[in-house]
Amino acid sequence: MMNTTNLPNAQAVVVHDDMEQLATAVAQRVAELAARAIAARGTFHVALAGGETPRRCYEKLRHLPVDWAHVQIYFGDERCLPIGDAQRNDHMVYKALLEHVAIPPANIHAIPSELGASAAAARYAALLQQVVPLDLALLGMGEDGHTASLFPDNPALDDPALAVAVFNAPKPPAERVSLSLTALNAARLKIFLVAGAGKREALEQILRGEPLPAARIASAEWHLDRAAWPGMFYINGHGNFAAPE
Ligand code: 6PG
């Protein structure tokens with residue numbers, strides 16, 4: 001693990017050797033944040049990321065000591081597909097984590113994307129209104145710099161509601177629901193999980209100051225693997241500057 005020179009707008013950037021280390025570190029971080037929030041406020045409200053990268057982290061999290069009865073699960077975004085569809089983000093999270101832990105079903109707040117993006121976003125925004133700020137938003141980043149289902153140049157980026165309808169997404173399906181920049185930025189902590197060389201170009205653009213959607217999340221903690229990190233230098237585990245391999 002290495003702490004690196006910073007990305008603009010980031011609170012911290014940590015480059016892990018590989019996906020496995022990234023997953024282990026973030027799972028540990030989530031368990032600690034849950035314990036801290038529950039001790040301070042009695043509940044931990046967390047929005048989970050979809051996509052592939054967090055799956056291993058969720059698998060690790062099921063083995064960590066978490067007081068699941070006091071955890072409330074939300075989703076950063078959802079694809080408009082029927083309930084139970086294997087391509088839905090909530091399905092992935094359920095299989096990787098939720099079906100393995102003692103969480104009361106009432107604590108799992110799926111986005112009702114089967115109703116269509118507009119109706120689902122309105123319902124989810126009303127729910128989030130009772131909850132914000134979330135304690136933690138876990139986020140991924142796409143190769144084009146999207147995060148949650150907030151894609152570059154999509155009007156959903158400027159929608160002030162807490163949950164927004166997304167149409168014409170370039171990553172299928174085209175119709176989605178996303179937490180908005182407002183809801184995500186309001187979270188007490190934002191953590192990105194980004195792995196693989198496919199993400200390097202978007203990170204380069206962010207380093208150059210381009211306002212990709214992911215870069216518009218303020219003060220996030222970024223957890224990357226070495227393949228994704230385009231930086232010229234990082235500070236290695238011994239506190240020294242080093243060049244990437
Ligand atoms: C989705 C997501 C999306 C995802 C990124 C990264 O519906 O796919 O929620 O925002 O987090 O596209 O996905 P990968 O981790 O699969 O690269």
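Everything quoted here is computed from the prediction, not taken from an experiment. Order of listing sets the numbers, starting from 1, for every ligand and every atom in it.
Ala27 meets the side-chain contact (heavy atoms from CB on, under 4.5 Å) test with Cys57, Lys60, Leu61, Leu64; sequence neighbours excluded. Taking Asn9 as the reference, Ala218 meet the side-chain contact (heavy atoms from CB on, under 4.5 Å) condition, with sequence neighbours excluded. Residues forming a side-chain hydrogen bond (donor to acceptor under 3.5 Å, both in side chains) with Tyr58 (at least two apart in sequence, or on another chain): none.
Contacts of ligand 1 (protein heavy-atom distance under 4.0 Å) are Gly50, Gly51, Glu52, Thr53, Asp77, Arg79, Asn89, Gly140, Met141, Gly142, His146, Ala148, Lys171, Arg176, Lys199.
A tilted orientation is assigned to the rings of His146 and Phe151, their planes being inclined by 30° to 60°.
Under the 3.5 Å distance criterion, with hydrogens and angles disregarded, a donor-acceptor pair is assigned to the side chains of Asn89 and Asp77.
In this structure a side-chain-to-backbone donor-acceptor pair under 3.5 Å is present from Asp225 to Gly196.
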